[in-house]
*Asks:* 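Once you've had a glance at the structure underneath, I'll fire off some questions.
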Amino acid sequence: MIKTAVIPVAGFGTRMLPASKSTSKEMLPLADKPIIEYVIEECKQAGIEHVILVTNANKADIENYFDRNYELENQLESAGKFELLSTVRQPQNEEITISAVRQSEAKGLGHAILCAKNIIANQPFAVLLPDVIVQSKENSFSDNPMLELIEQFEVTRSSQILVEPVAENEVNKYGIVEMASSRLSINRSKPLSGIVEKPEQEEAPSNLAVVGRYVFASGIWKHLENTESGVGGEIQLTDAILTLMEEEAVYALPLDGVSKDCGCKLGYYKAFVEEILAREDDLSEQFQAFLESLSEKSEHQKSSDSHSIRLAG
Ligand code: G1P
């Protein structure tokens, strides 16, 4: 089974500025937990035992979050705040080991993954891009899309990529795949015949986008090492996958669920609100009531605006 995952977190997060100027974008919260904690939870559910964060000098806040903070813990303990104490201890646990390796130059996603090579060596491994939170649909065939990718790897022994359809005018934001067969099935991955990073709409082979969850056979390393800079002047993981496909099959599995892009402002706002509403606790109920009062207020505002316009006339 796949036990190791790489999570690249060295990016600047320019789409989330100014919030990401001095805080890692992965540390922005969804409700009361940072985005990265949801991704680590996803790893745990998929049976991952070792996560390698590819980080940089400005991202120490992520490593600190998964470390202990004895001063804070002592203070909470002596104040008898045991519930809070357990929430600050929660990110560190024995089920998963978190290591960090530095990407000293911002040379792109492909280069970031390559930074983990010496730790992983010749075993297959997973990659999770932390801008995206992925969830299965209720009643989906699997509880965790990452676990499903891992299971498909076990069946095929070939690299796996999670994909989902996107709007035709958005294909230039993603890696886009071309499938070898014209039929997809929801619970079985199928081989690719091509992949291209951020194509123009007219050139896109399909509207099936790479979501940000992968499993790689160790054959990928050689291709990452030999990939030159591509789109945006960066060493693209997508380009390494394309050359890997010349030597071995690569499969794509359609996501049977939802992906939430927390790396852009609108996606983040939506994910934040959805996460609070999903909690089904007291705070969530109060928040729901607040949202309803806001929408009532805006209805009321609309009708009083229309009165004032008539009065003015
Ligand atoms: C990266 C990958 C792209 C993928 C996307 C998913 O792009 O290069 O292939 O579709 O993540 O979020 P980025 O969003 O880092 O530009």
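We count ligands from 1, going down the list as the structure has it; atoms in each ligand are counted the same way.
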*Asks:* Tell me yes or no: between the side chains of E246 and H223, is some donor less than 3.5 Å from an acceptor?
*Replies:*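 There is no such pair (donor and acceptor under 3.5 Å, judged by atom type) between the side chains of E246 and H223.
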*Asks:* Can you tell me which residues line ligand 1 if we count any heavy atom under 4.0 angstrom from one of its atoms, in chain and number order?
*Replies:*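 Answer by chain and number: L109, L129, V132, Y174, G175, E197, K198, V210, V211, Q236, T238.
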*Asks:* Using distance only, find each side-chain donor-acceptor pair of residues 27-39 under 3.5 Å and give its atom names and separation, not counting sequence neighbours.
*Replies:*
| residue | atom | partner | partner atom | Å |
| --- | --- | --- | --- | --- |
| D32 | OD1 | R279 | NH1 | 3.0 |
| D32 | OD1 | R279 | NH2 | 3.0 |
| E37 | OE1 | Y65 | OH | 2.3 |
| Y38 | OH | L30 | O | 2.7 |
| Y38 | OH | E275 | OE2 | 3.4 |
| Y38 | OH | R279 | NH2 | 3.0 |

*Asks:* List, by chain and number, the other hydrophobic cluster members for F82, where Ile, Leu, Val, Met, Phe, Trp and Tyr join if side-chain heavy atoms come within less than 4.5 Å, directly or indirectly.
*Replies:*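 F82 shares its hydrophobic cluster with L72, L76, L84, L85, V88.
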*Asks:* Output the distance between atom CG (L237) and atom CG (L129), rounded to the nearest 0.5 Å.
*Replies:*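 Answer rounded to 0.5 Å: 7.5 Å.
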*Asks:* Which distance, rounded to the nearest 0.5 Å, do you find between the OG1 of T55 and the CD of E26?
*Replies:*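 CD of E26 is found 8.5 Å from OG1 of T55.
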*Asks:* Considering residues at least two apart in sequence or located in another chain, which fulfil the ring pair (Phe, Tyr, Trp, His ring centres under 6.0 Å) criterion with Y214?
*Replies:*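 Scan of Y214 (ring pair (Phe, Tyr, Trp, His ring centres under 6.0 Å), adjacent residues dropped) gives F216.
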